Asks: 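I have a structure I would like to understand better, so I am pasting it below and will then ask my questions one at a time.
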Amino acid sequence: MTVDKPAVIQLLSPFTGIACPLEHVPDPAFAQKMVGDGFAVDPTENVLVAPCDATVTQIHPSRHAVTLTTESGVELLIHIGVDTVKLRGEGFKALVEAGQKVTAKTPLVEVDMDPVAQGVKSMRTVILLTDQDRIASLKTTDATFVQAGDFLFEAQLKADTAAVVDAAQMQASEPVTVINPTGIHARPSAAIVAIAKQFDSAMMLEKDGKQVNARSVVALMGMNIAFGDEVKVLAHGDDADAAIAALVEGLKAGLGEEGADPNAVVEKKAPANDFDIYAEESLLIEKSNDERKVIGIEASAGQAKGTLYVIEAELPAVTEQGTDAAADKAALDKAVAEAKQTLVAFVAELREKGMGQKADIFVAHQELLEDPDVYDTAVAAINSGKSAGFAWAKAIEKQADFLAGMDNALLAGRAADLRDVGGRVSRILAGLSQETIPSDLPENTILVAKDLTPSDTANLDPKRVLAIATVLGGSSSHSAILARAMGIAAMAGVEERVLNLHGSAALMDTTKGQILLNPSDAELAELALQQQRQAEVQAAANAAKDEKAYTTDGVHVEIAGNIAKVSDAPKLVEKGGEAVGLLRSEFLYETSAVFPTEAEQEQAVRDVLTTLGDRPLIVRTLDVGGDKPLPYLPLPEEENPFLGERGIRVGLDKPAVLRQQLRSLLKAADAGRLRIMFPMISSLFELTLAKEILAEEAAKLGIDMSTIEVGIMIEVPSAAVMADMLAPHVDFFSIGTNDLTQYTLAIDRGHPKLAGIADGLHPAVLRLVKMTADAARAAGKWTGVCGGLAGEKDAVPLLVGLGVEELSCSVPVIPEVKHQVRSLSKAECQELAMKAMTCTDAKQVRELMKEFHAAHEAKSNCA
Ligand code: PEP
Ligand code: MG
């Protein structure tokens with residue numbers, strides 16, 4: 001039985017001589033442990049003895065190397081000296097034969113020391129365990145001089161690999177079919193480990209005759225166990241029966257994972273074939289042909305010159321060699337404990353906020369931190385003389401690379417989790433903050449990340465971070481919206497190779513959709529020229545920021561702004577905003593863990609109205625769901641949250657919430673010009689219900705509704721198509737082009753891969769805008785746009801041409817949008833819009849706009 005056999009192997013010195021680490025052997029194959037791990041001795045006497053009881057597996061024909069196999073199946077190689085093979089056995093005498101059983105200290109080879117030593121580079125002799133994966137840790141002698149037969153080193157063997165040898169002797173369950181939809185990935189692995197830890201028995205999981213330690217998340221994930229696979233639970237120990245029963249029961253119940261159906265019908269899997277589905281690169285993702293140009297899409301307009309700062313790459317530099325193994329190990333233990341403490345606090349906090357799913361991620365991170373494979377690999381490296389930081393980083397890298405290389409995308413994705421949690425420990429070891437985005441980023445940073453959450457973005461310091469580039473996300477993700485509001489240039493859907501460019505000098509130009517690496521003087525000069533022109537435009541725009549915007553043929557377009565917080569209102573006034581076209585009320589109390597009271601909500605709206613004076617304020621009722629969770633308003637977990645309980649549906653499902661918010665709005669209405677807007681209306685019945693609640697509350701409060709305009713967001717295609725039916729029931733429409741684009745093109749606005757091609761200038765979206773504006777006008781109502789297109793230079797002429805009367809953009813760009821409108825004639829915009837609607841796709845529309853801007857610029861230069 002595995003666990004009865006020693007999990008530790010002790011090796012005695014095969015020679016009398018000076019003990020030394022492998023790194024001191026002048027042969028890279030040994031020094032870099034390519035052959036195996038172990039220790040060395042520089043002989044001063046001439047008889048090589050067996051380092052332990054074993055069977056001689058092989059004596060090399062040149063008799064300079066011996067292979068032994070121990071009773072527990074561990075293979076050892078003893079190699080006498082460096083380059084000794086070239087002596088062809090001259091000076092070596094074998095004292096045993098292959099197949100012979102020997103006890104420790106049995107003489108194996110006799111060496112004629114003087115002539116041999118003179119003919120080779122070194123006599124340093126290595127004793128190696130060739131199967132490095134079996135080694136959990138090494139403890140080496142402290143002595144510098146050893147006699148043959150003295151203790152040399154000790155290797156702790158991993159329980160799982162040791163058990164592979166003897167798994168047949170363990171108690172095994174019947175085969176169990178895995179019902180977890182995506183197999184045994186991080187979370188189910190963590191659940192298995194949690195069950196295994198409740199028992200004293202050694203436990204393993206077996207698939208296809210291969211066993212791994214059931215207490216190792218990484219090893220379990222490494223098994224690549226998929227839905228429908230059959231596994232067996234193995235155990236040995238006093239409580240083996242109970243341990244097997246518990247884990248079998250857990251597996252049959254899906255290990256507590258949502259979506260794991262115990263009654264699922266599992267089809268037998270078809271045998272795999274070697275067809276490689278990744279043989280060709282994606283045609284959906286554009287790649288640059290120029291090494292120096294990294295391309296992506298504009299998420300927040302701007303140009304910036306700076307240095308790329310890749311968040312993932314910013315693992316602290318470490319020295320390789322440790323000074324004191326005991327101190328290094330203690331430092332590692334302390335750092336791991338500290339990281340664990342942080343994760344425990346995170347989990348508690350997230351659970352308290354009702355964000356269970358997010359909390360589960362950090363529970364899995366905790367398990368990864370406790371993983372014996374990673375930890376033991378690091379400790380082994382520390383014991384062999386590496387520093388804690390180096391040993392830990394290498395151990396993480398090794399396991400993460402292993403996971404990343406697997407053909408299961410989900411498991412491969414867990415490599416990121418491992419790197420994330422590993423980085424946390426590395427940063428503690430380096431005396432840095434645990435968090436990935438340091439608060440002391442250098443100035444002129446172009447921040448690069450795989451993805452940024454809206455809260456990551458909101459916490460950035462625009463004085464240091466000039467621009468953001470993310471591989472994931474799209475132009476209408478909420479992070480992009482925040483970047484625009486903060487005046488930070490941003491690109492999304494950027495080529496993945498940007499993640500390897502930490503520290504590169506770069507020039508981001510979002511209008512060109514590119515990050516130019518190591519820009520030349522000429523390119524920098526061109527940027528300076530462009531920035532100067534931009535500054536001139538901005539100066540002109542700022543000079544007239546408080547004037548209204550009329551087209552050259554005298555049509556007023558109201559330029560409003562989108563805000564999210566009370567403190568945004570004075571900024572809007574300062575920038576010349578004529579109104580608030582969208583107050584995203586869900587962000588007002590975004591960080592609150594408890595529901596804001598009615599009085600608090602009223603006060604917030606009252607404060608904004610007071611700041612705005614006679615400027616109108618459109619408050620959109622709570623628009624949660626999709627990618628916008630609210631800590632104080634738990635929503636059900638849905639398979640497809642963008643198509644589920646979102647926007648007005650939440651208010652109608654929980655009328656008390658909508659009622660309370662409407663009451664607070666009505667009570668604040670006397671402070672200014674309030675307009676109320678309902679989000680995500682898809683059919684008249686939703687609008688009717690919402691208006692009924694509004695009317696009831698107004699009646700109860702005795703408030704006259706005649707001065708309060710009521711409108712709806714047009715962001716679902718059905719609402720645009722049916723705008724003529726909806727128009728009689730509202731005072732205005734405001735088109736949410738972000739959602740209208742995602743629902744029209746069927747691309748999730750935050751989709752990691754596809755959001756980049758979800759362009760709101762698609763002719764299908766433009767046609768829906770026109771239908772909406774036409775329907776409103778026919779009913780004597782007005783139409784605005786509050787989605788991202790309202791502030792886009794390419795979109796403004798088209799929206800004006802399609803009949804939009806109000807543009808509500810992010811606050812910083814209000815003066816520029818006004819400035820642009822003043823340069824347009826409504827008639828030419830109409831003509832342009834008609835052309836755009838006959839384009840085949842968004843790319844063609846973008847081309848059309850390029851021509852339009854060029855012609856415009858040429859005209860204004862002539863004037
Ligand atoms: C939109 O969808 O365009 C919109 C303005 O709403 P939000 O971005 O808040 O979903
Ligand atoms: Mg929306």
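Counting starts at 1 for both ligands and their atoms, in listed order. Worth saying up front: this structure is predicted, and the values here are computed from it rather than measured. The analysis underlying the following values was restricted to heavy atoms, covering all of them including side chains, and did not include hydrogens, waters or symmetry mates.
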Asks: For ligand 1, which atoms have a heavy atom of Arg646 less than 4.0 angstrom away?
Replies: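 Heavy-atom distances to Arg646 below 4.0 Å select 10 (O).
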Asks: Could you tell me, atom by atom, which parts of ligand 1 come under 4.0 Å of a heavy atom of Met713?
Replies: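 Numbered from 1, ligand 1 contributes 4 (C), 5 (C), 6 (O).
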Asks: Please give me the minimum heavy-atom distance between Met771 and Ala723, naming the atom from each residue.
Replies: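 Nearest heavy atoms, Met771 then Ala723: O-CB, 4.3 Å.
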Asks: For ligand 1, which atoms, with element, lie under 4.0 Å from some heavy atom of Cys786?
Replies: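 By the 4.0 Å cutoff, the relevant atoms are 5 (C).
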Asks: At less than 4.0 angstrom from any non-hydrogen atom of Thr737, what atoms of ligand 1 do you find?
Replies: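 Those atoms are 3 (O).
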Asks: Could Asp794 and Arg846 be called an ion pair, given the rule that one side-chain N must be under 4.0 Å from one carboxylate O?
Replies: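 Answer for the salt bridge query: yes.
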Asks: Using the Mg ion (ligand 2) as the apex, give the angle to atoms OE1 (Glu715) and OD2 (Asp739), rounded to 10 degrees.
Replies: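 Roughly 100°, rounded to 10°.
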Asks: Salt bridge (Lys or Arg N to Asp or Glu O under 4.0 Å) for Glu574 and Lys571? Distances and angles first, verdict last.
Replies: CA-CA 5 Å; Glu574 201 277 317; Lys571 294 180 197 158; over 6 Å; no
Asks: Looking at ligand 1, is there an atom of it that comes within less than 4.0 Å of some heavy atom belonging to Arg749?
Replies: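 For ligand 1, residue contact (heavy atoms, under 4.0 Å) with Arg749 is present.
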Asks: Kindly check if the number of other-residue, nucleotide or ligand heavy atoms within 6.0 Å of NZ (Lys835) is above 12?
Replies: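 Count not over threshold, so no.
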Asks: Taking distance alone, with no angle check, do Glu586 and ligand 1 share an N/O pair under 3.5 Å?
Replies: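 Min N/O separation from ligand 1 is not below 3.5 Å for Glu586.
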Asks: Considering only NZ, NE, NH1 and NH2 on the basic side and carboxylate oxygens on the acidic side, decide whether Asp759 and Lys843 come within less than 4.0 Å.
Replies: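 No, Asp759 and Lys843 are not salt-bridged.
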Asks: I need the atoms of ligand 1 closer than 4.0 Å to a non-hydrogen atom of Leu582, numbered in the order shown.
Replies: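 It comes down to these atoms of ligand 1: 5 (C).
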Asks: Quick one: which ligand 1 atoms are inside 4.0 Å of a heavy atom on Asp623?
Replies: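 Heavy-atom distances to Asp623 below 4.0 Å select 10 (O).
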Asks: Going by distance alone, is a donor N or O of one side chain under 3.5 Å from an acceptor N or O of the other, for Ser682 and Glu686?
Replies: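 There is such a pair (donor and acceptor under 3.5 Å, judged by atom type) between the side chains of Ser682 and Glu686.
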Asks: Go through the steps to decide whether Glu805 and Lys826 satisfy the test salt bridge (Lys or Arg N to Asp or Glu O under 4.0 Å), and finish with yes or no.
Replies: CA-CA 11 Å; Glu805 294 166 62; Lys826 170 114 185 203; over 6 Å; no
Asks: Identify, by atom number and element, the atoms of ligand 1 in contact range of Gly736, meaning under 4.0 Å from any of its heavy atoms.
Replies: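 In order of numbering, the contacting atoms are 1 (C), 2 (O), 3 (O).
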Asks: With heavy atoms of Gly787 as the reference, note each atom of ligand 1 found under 4.0 Å away.
Replies: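 Listed by number with element: 3 (O), 5 (C).
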Asks: Can you list the steps and then say if Arg673 with Glu709 is a salt bridge (Lys or Arg N to Asp or Glu O under 4.0 Å)?
Replies: CA-CA 9 Å; Arg673 288 177 63 191; Glu709 286 187 29; 5.6 Å; no
